[in-house]
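Down below is the structure, laid out as structure tokens.
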Amino acid sequence: MILITLTSTVSFFLAGYHVGIEYGLINELSSCKTEISKNMSKDILLKELQSKLAPSCKEVDFKLFGLSLASINMLMSLILTVLYYKIFSWTKKTSK
């Protein structure tokens, strides 16, 4: 039961990190950025534009009820963490 509670807690923090990136509260990793340098030559810029660039981590492709999937994941993880903690506390009390 402790492992389940710990897993949902870690899931909450990871989803919260992603939500923070989406809302600009946390800087995204360099692997998520798709910025093109200003000092780039025309030929390199053309090659970059023709190749498929990865989307930024700040871009939300899909929303459900106005919330991104990371936001929904964070809320569900929080609910599950609280629920698992309550169940764990209750079973610990009743087993004594």
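It should be emphasised that the depicted structure is a prediction, and the values quoted were computed from it without experimental measurement.
- From F12, atom CZ reaches atom CE of M76 across 13.5 Å, with rounding to the nearest 0.5 Å.
- Partners of L3 according to the side chain to side chain contact (heavy atoms under 4.5 Å, CB included) rule, which considers only residues two or more places apart in sequence or in another chain, are T7.
- Contact record, N73 with S11: OD1-OG, 3.7 Å, taken as the closest heavy-atom pair.
- Pairing each heavy atom of H18 with each of A70, the nearest pair is ND1-CB, 3.3 Å.
- Taking the side chain to side chain contact (heavy atoms under 4.5 Å, CB included) definition, one finds that I87 meets it with M1, L83, T91, sequence neighbours left out.
- By the side chain to side chain donor-acceptor pair (under 3.5 Å) test, S68 pairs with E22, S71, sequence neighbours left out.
- Linking ILVMFWY residues whenever their side-chain heavy atoms come closer than 4.5 Å, directly or via other members, places L69 and L67 in the same cluster.
- If you chain together hydrophobic residues whose side chains sit under 4.5 Å apart, Y23 and F13 fall into the same group.
- One distance of note links CD1 of I4 with OG1 of T9; it measures 11.5 Å at 0.5 Å rounding.
- Between T5 and T81 the shortest heavy-atom distance is CG2-O, 4.3 Å.
- The distance from the CG atom of L25 to the OH atom of Y17 is 12.0 Å, given to the nearest 0.5 Å.
- Connection of V19 to L78 is established within a shared hydrophobic cluster, with ILVMFWY side chains joined at heavy-atom distances below 4.5 Å, either directly or through further cluster members.
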